[in-house]
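Here is the naming used below: chain letters follow the sequence lines, and residue numbers restart at 1 for every chain. On a predicted model such as this, the values are computed, not experimentally measured, just so you know.
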Protein chains: 2
Amino acid sequence: MNLNHLAIFHAVAETGSVSGAASRLFISQPAVSKQLREFEGVIGMPLFDRLPKGMRLTATGEVLLVFAQRIFATEAAAERRLAELRDARSGRLSIGASMTIGNYLLPKLLARYQQRYPGVDVQLEIANTEVIQQKLLANTLDLGFTEGFVEEEDLEEVVFALDQLVVIAAPGHRFAGRTDLRAEELCSEPCLLREQGSGTRAVVERTLSARDLHPISTMSLGSPEAIKQAVAAGAGISLVSRWTVATELRAGTLTVLPVTDLTVERPLHRLSLRHKHPSRAVERFLDMLLQDEGLNGAGLVPDLPKTI
Amino acid sequence: MNLNHLAIFHAVAETGSVSGAASRLFISQPAVSKQLREFEGVIGMPLFDRLPKGMRLTATGEVLLVFAQRIFATEAAAERRLAELRDARSGRLSIGASMTIGNYLLPKLLARYQQRYPGVDVQLEIANTEVIQQKLLANTLDLGFTEGFVEEEDLEEVVFALDQLVVIAAPGHRFAGRTDLRAEELCSEPCLLREQGSGTRAVVERTLSARDLHPISTMSLGSPEAIKQAVAAGAGISLVSRWTVATELRAGTLTVLPVTDLTVERPLHRLSLRHKHPSRAVERFLDMLLQDEGLNGAGLVPDLPKTI
DNA sequence: TAAAATACATATATTAAATGTATCCCATAA
DNA sequence: TTATGGGATACATTTAATATATGTATTTTA
């Protein structure tokens with residue numbers, strides 16, 4: 001059976017006449033007449049009785065009409081669904097992010113995204129780089145946001161922001177208020193770090209040892225939150241992403257120590273599966289990331305380089 | 001959306017490759033490639049990621065595939081249903097018949113029909129000619145079987161059998177056994193007839209009055225059964241269709257009086273709506289009617305003229 | 001490391017399908 | 001009778017689908 005023929009049959013059945021179907025389909029009456037007869041030939045049974053005043057379905061035609069209606073209703077539903085996907089009125093945005101990015105950088109942006117595209121099913125998963133890379137490769141994530149990454153043929157990687165690590169201390173700390181601090185001095189203070197394997201710890205250690213600086217490591221803690229709590233309690237200083245402490249700085253429970261001769265920066269990476277076409281829902285998210293309403297609009301990265 | 005394109009998309013999605021789809025559709029690989037790209041252009045979104053080893057559905061493609069599967073499954077179901085209708089493995093046979101035909105002529109035939117075509121929904125309605133004609137005109141009956149009929153432009157009418165009316169009496173009747181009975185003699189006997197308006201009564205009266213015979217009418221009864229019961233009880237004689245008394249003759253509760261100079265015959269008509277194509281189920285029934293397995297096979301009409 | 005194989009894309013020519021125009025037929029209504 | 005409305009047919013034309021030949025990228029094999 002040819003579904004083009006079926007469409008013509010459907011139109012004739014619903015309008016009750018060949019000429020009616022023709023005008024509905026924007027083709028000529030003979031075209032409909034011919035196609036319909038051809039279709040009846042294929043079916044092997046007449047679908048209409050030809051009456052002087054028009055066409056009347058046979059029993060066979062009645063049966064077929066029900067199927068035709070189902071088919072074209074489904075087609076219409078498919079078109080509607082595609083239209084939704086096209087304008088991101090539905091779809092899925094599945095993101096995997098490292099702890100820092102997922103907790104401090106994305107939530108505000110995702111909230112605005114969700115507000116603008118309420119039909120999209122947004123999923124944010126916080127996990128380490130390895131898990132995120134694996135899930136990207138398994139095609140169960142649309143985008144990954146990580147600090148480091150392991151080179152991988154099938155993954156596309158792009159620096160989308162620069163993370164600045166700042167030295168924090170309790171407001172009552174002896175260094176607080178100092179504007180002439182030098183990196184060496186920090187080594188006299190107990191320095192709290194993240195656990196082995198953390199991206200944050202890796203970049204800190206790499207930067208400092210490149211300058212032959214060796215901080216006194218006392219504790220290693222498993223999350224940015226734990227670090228902040230300990231530092232606020234006066235346990236020492238730490239190097240953390242400035243995004244993780246925005247709230248505490250405003251609240252005054254922590255302070256940043258400006259170090260004159262030290263800047264620790266690291267690129268943040270956006271990862272995606274090579275050759276994978278993004279859905280419209282994903283494209284809209286990437287748009288927001290790149291536009292003013294992206295990270296800048298979130299008020300967190302005033303002078304972010306606008307790399308993709 | 002073009003459902004031809006959708007079929008190609010469907011094949012690519014299910015085989016996972018353009019070339020696979022091509023061989024499944026018995027067309028060349030470039031044909032599939034081109035149609036698919038065209039389809040993606042119409043949709044406005046890519047449906048597949050092109051990987052070196054084949055094609056992978058995008059999120060949009062996954063959504064569309066579900067609809068495509070529904071559509072083509074419905075199409076397949078329609079094809080199956082049509083095939084059933086084609087071999088009368090399903091369908092409807094809706095017959096309206098007058099009392100005599102419906103009660104004595106059709107049941108045996110319909111039983112064999114139902115046995116041979118168990119999927120067909122057989123409906124037999126017994127009603128008078130007027131009702132049957134109206135239902136045929138309303139297209140709610142496939143066939144009508146009546147004695148008389150009222151000429152009607154939209155109804156096609158055909159004599160399908162000749163009904164012989166025979167004179168019956170109780171076996172103990174004084175005429176029983178006589179082989180030289182003449183029509184005049186019958187007028188001395190009380191004759192039971194059907195009610196006014198009955199086709200049977202009409203033909204009897206017409207035939208007899210044409211010969212200037214006037215039977216003594218005592219009772220008029222509303223059904224062949226009532227007539228037979230009364231005659232068997234010795235209430236008189238009657239003229240009835242020979243089909244209605246086959247059982248009683250065999251049982252010996254009634255006997256036929258052979259009248260040397262009287263034959264009362266009437267044509268039986270098959271009616272159908274003009275321009276109406278019969279379904280296969282109806283065609284198969286008409287076949288049985290015409291073949292040896294028809295009324296003859298039913299053992300009721302040994303020498304029936306084989307008119308349609 | 002080069003050759004072969006696999007898989008999809010592109011270009012051009014060809015074929016098949018669908019459509020349009022003109023005309024005819026039939027039944028009905030004015 | 002002539003219009004009129006609805007469908008069928010014939011033939012020409014346009015559009016769409018397809019094939020052949022070839023190209024590119026990648027993977028596998030020798």
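Checking the phosphate oxygens (OP1, OP2) of dA9(C), a side-chain nitrogen or oxygen of Ser33(B) falls inside 4.0 Å. Applying the 4.0 Å criterion to OP1 and OP2 of dG6(D), one finds that Ser17(A) has every side-chain N and O outside that range.
Ring-plane geometry between Phe285(B) and Phe145(B) is classed as perpendicular, the angle between the planes exceeding 60 degrees on a 0 to 90 degree scale with a lower cut at 30.
For the segment residues 42-62 of chain A, residues with any heavy atom less than 4.0 angstrom from an atom of DNA chain C are, sorted by number, Pro52(A).
Atom CD of Glu130(B) has 12 or fewer heavy atoms from other residues, nucleotides or ligands within 6.0 Å.
As judged by a 4.0 angstrom heavy-atom cut-off over every strand, Ser19(B) is placed among residues touching the sugar-phosphate backbone only.
Between the CG atom of Leu36(A) and the P atom of dA8(D) there is a distance of 7 Å, rounded to whole Å. One atom, CZ of Arg37(B), and another, P of dA17(D), lie 17 Å apart when rounded to the nearest Å. Note: NE2 (His275(B)) to C1' (dT28(C)) measures 12 Å, nearest angstrom. Rounded to whole Å, the distance from CD on Glu153(A) to P on dA25(D) is 15 Å.
A search for salt bridge (charged side-chain N to carboxylate O under 4.0 Å, His left out) contacts involving Asp142(B) returns Arg92(B), Lys276(B), not counting sequence neighbours.
Comment: Glu14(A) engages Arg24(A) in a salt bridge, judged by a side-chain N to carboxylate O separation of less than 4.0 angstrom. Ion pairing between a basic and an acidic side chain is recognised when a charged N comes within 4.0 Å of a carboxylate O; Glu38(B) and Lys34(B) show such pairing. Using a cutoff of 4.0 Å between basic side-chain nitrogens and carboxylate oxygens, Lys135(A) and Glu125(A) are scored as salt-bridged. Using a cut-off of 4.0 Å between Lys/Arg side-chain N and Asp/Glu carboxylate O, Arg56(B) and Asp49(B) are scored as salt-bridged.
Under a 3.5 Å cut-off, the side chain of His269(A) and the backbone N or O of Glu147(A) do form a donor-acceptor pair.
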>> For a quick check, with a 4.0 angstrom heavy-atom cut-off, what is the B/S/- contact string for nucleotides 13-21 of chain C, read 5' to 3'?
In response: -----SBBB
